[in-house]
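These notes concern the structure reproduced below.
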Amino acid sequence: DVQAGRSSNCWTTPGDLETIAKWTQLRYLRIRELRTPIPPSWASLSNLQSVQLWQTSVPELPGPVVSQWRGLVLLEVRSSPLFAAVPEELWKLPKLEEVVLFGSAACAGLTPERRDKACEGQEPVCPGFPQWLVEDWERNRAKAGTGCGVPVCEESETTLVSFDVNRDWYWSRNDFSAFLTSRMEEANTIIPIISDAAWKCFVQHMTQDDTIELLPRTVVQSALGYSTCEECPAAAEPPQPPQAVVTSKPECAAADPDILVLKAAGAICSLARTCVGICQVALGIMAAADANGDGV
């Protein structure tokens with residue numbers, strides 16, 4: 001089982017892909033943020049059963065390579081609007097059971113029968129909200145358990161907390177927009193601004209609760225990591241707010257923090273492509289000013 005992606009600005013390289021091609025017994029492969037075309041040498045990976053490409057900007061899979069993946073059961077291309085073509089060889093694979101292309105440009109080129117099985121529906125559940133994302137989250141949540149898998153739960157909790165500005169284990173519209181903008185930037189794609197009405201509809205659809213406007217932790221983690229992670233020891237309490245940063249000027253540490261910093265960051269997050277960086281800066285400012293570490 002290989003999971004590859006990037007650290008900081010270190011992207012998966014052609015050399016990395018050539019190394020993977022040597023692992024001829026590989027069965028499960030997941031790569032995030034792939035920007036390098038799949039090489040011909042991957043035809044050697046004939047034992048692959050599952051290929052998952054997340055936030056990829058690679059436009060297509062090479063047919064001669066895919067034709068050699070004779071054991072493939074699942075192809076999943078998630079959050080990759082620039083993925084534009086699926087080779088005909090894919091559909092001829094003898095063990096293929098499921099193809100998931102939610103939000104992919106490749107959906108437009110499929111036959112109606114294939115599109116119905118692999119792509120999102122044509123009628124939006126929530127007008128103004130990407131239908132592929134609704135169905136992507138629904139699919140993941142339907143498969144989710146409650147167990148505490150490592151590193152799956154650690155990864156989904158890290159993502160949850162990273163965008164949870166209020167540190168309450170709920171995502172607001174601005175939190176979600178920051179997350180989605182980050183993911184789509186990784187795939188070299190810009191998403192439309194989500195309106196308040198579309199967001200409210202999405203939350204209520206996901207929770208089946210028409211009284212709330214925030215996404216709970218269990219919904220977020222089940223959509224991101226196939227588990228609500230409710231059995232994890234730390235799942236009962238929300239994460240602690242960031243510790244106060246000791247400054248060289250006591251008068252600065254004692255100054256009253258201004259919640260407008262976070263509100264401004266949240267507003268910018270819903271509009272700007274660079275929202276993740278802006279949020280990190282704003283959270284750093286708040287942490288430095290928050291002398292008692294209570295997150296307010």
Side-chain angles (χ1 to χ4, degrees), residues 1-8 10-107 114 117-119 132 136-137 139-140 142-145 149-156 158-159 183-184 186-189 223-227:
D1 185 0
V2 174
Q3 298 190 43
R6 69 175 175 87
S7 175
S8 184
C10 181
W11 299 95
T12 304
T13 67
D16 297 329
L17 300 189
E18 292 298 336
T19 298
I20 292 174
K22 299 176 182 178
W23 301 337
T24 57
Q25 300 305 308
L26 188 65
R27 293 184 299 166
Y28 303 98
L29 174 66
R30 177 189 300 168
I31 299 185
R32 280 186 51 187
E33 307 167 40
L34 180 65
R35 298 188 176 189
T36 303
I38 291 176
S41 58
W42 274 30
S44 65
L45 302 178
S46 59
N47 289 299
L48 278 174
Q49 296 178 15
S50 172
V51 174
Q52 296 172 298
L53 303 178
W54 295 1
Q55 294 97 47
T56 180
S57 56
V58 172
E60 61 183 359
L61 298 177
V65 171
V66 172
S67 68
Q68 300 304 306
W69 297 348
R70 290 181 290 271
L72 193 69
V73 176
L74 167 68
L75 173 68
E76 180 180 295
V77 184
R78 294 180 55 189
S79 304
S80 304
L82 298 182
F83 185 76
V86 177
E88 187 63 26
E89 289 86 344
L90 174 73
W91 309 101
K92 299 177 181 178
L93 295 176
K95 296 185 178 180
L96 187 69
E97 294 181 3
E98 187 175 14
V99 177
V100 180
L101 302 171
F102 292 159
S104 165
C107 288
R114 290 173 178 173
K117 293 180 179 179
C119 304
W132 66 265
D136 189 44
W137 277 45
R139 175 181 176 274
N140 295 345
K143 294 185 175 184
V150 179
V152 171
C153 286
E154 289 180 356
E155 182 179 355
S156 64
T158 297
T159 302
R183 290 294 186 263
M184 292 298 97
E186 292 164 0
N188 286 342
T189 304
L224 298 180
Y226 302 105
S227 177

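Worth knowing before you read on, the calculation uses all heavy atoms, side chains too, and leaves out hydrogens, waters and symmetry mates.
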For the residue pair [X] and [Y], what are the closest heavy atoms and their distance?
| X | Y | answer |
| --- | --- | --- |
| C153 | S227 | SG-OG, 4.2 Å |
| A43 | V65 | N-CG1, 3.8 Å |
| G71 | K95 | CA-CD, 4.1 Å |
| A85 | A106 | N-CB, 3.7 Å |
| W23 | L45 | O-CD2, 3.3 Å |
| P87 | G63 | CB-CA, 3.6 Å |

### Donor-acceptor side-chain pairing of Q25 and R27 below 3.5 angstrom
no

### Task
Establish, from distance only, whether the side-chain atoms of D16 and T13 form a donor-acceptor pair under 3.5 Å.
yes

Less than 4.5 Å apart, side chain to side chain, heavy atoms only: is that true for [X] and [Y]?
| X | Y | value |
| --- | --- | --- |
| L93 | V66 | yes |
| L75 | L90 | yes |
| W42 | L17 | yes |
| F83 | R78 | no |
| S79 | W54 | no |
| L72 | V51 | yes |
| P40 | P64 | no |

### Task
Tell me, with the steps shown, if I20 and L26 meet side chain to side chain contact (heavy atoms under 4.5 Å, CB included).
CA-CA 9 Å; I20 292 174; L26 188 65; 4.0 Å; yes

### Message
Show, in sequence, the C-alpha distance, side-chain angles and deciding distance for L101 and V86, and conclude whether the side chain to side chain contact (heavy atoms under 4.5 Å, CB included) test is met.
### Response
CA-CA 9 Å; L101 302 171; V86 177; 3.7 Å; yes

### Query
At what distance, to the nearest 0.5 angstrom, does CG of N47 lie from CZ of R70?
9.5 Å

### Query
How many angstroms lie between atom CD of E76 and atom CG of N140, to the nearest 0.5 angstrom?
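Answer for the CD-CG pair, E76 versus N140, is 6.5 Å.
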
### Task
Test side chain to side chain contact (heavy atoms under 4.5 Å, CB included) on L61 and L53 and set out the steps.
CA-CA 11 Å; L61 298 177; L53 303 178; 3.9 Å; yes

### Task
State plainly whether the residues E98 and K143 are in salt-bridge range, i.e. N to O under 4.0 Å.
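Yes.
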
### Query
Is the backbone N or O of L34 less than 3.5 Å from a side-chain atom of T56, with the two atoms forming a donor-acceptor pair by type?
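Indeed, once roles are kept as given, a pair shorter than 3.5 Å links the two residues.
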
### Query
Between S57 (side chain) and R35 (backbone), is there a donor-acceptor pair under 3.5 Å?
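Not a single qualifying donor-acceptor pair exists.
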
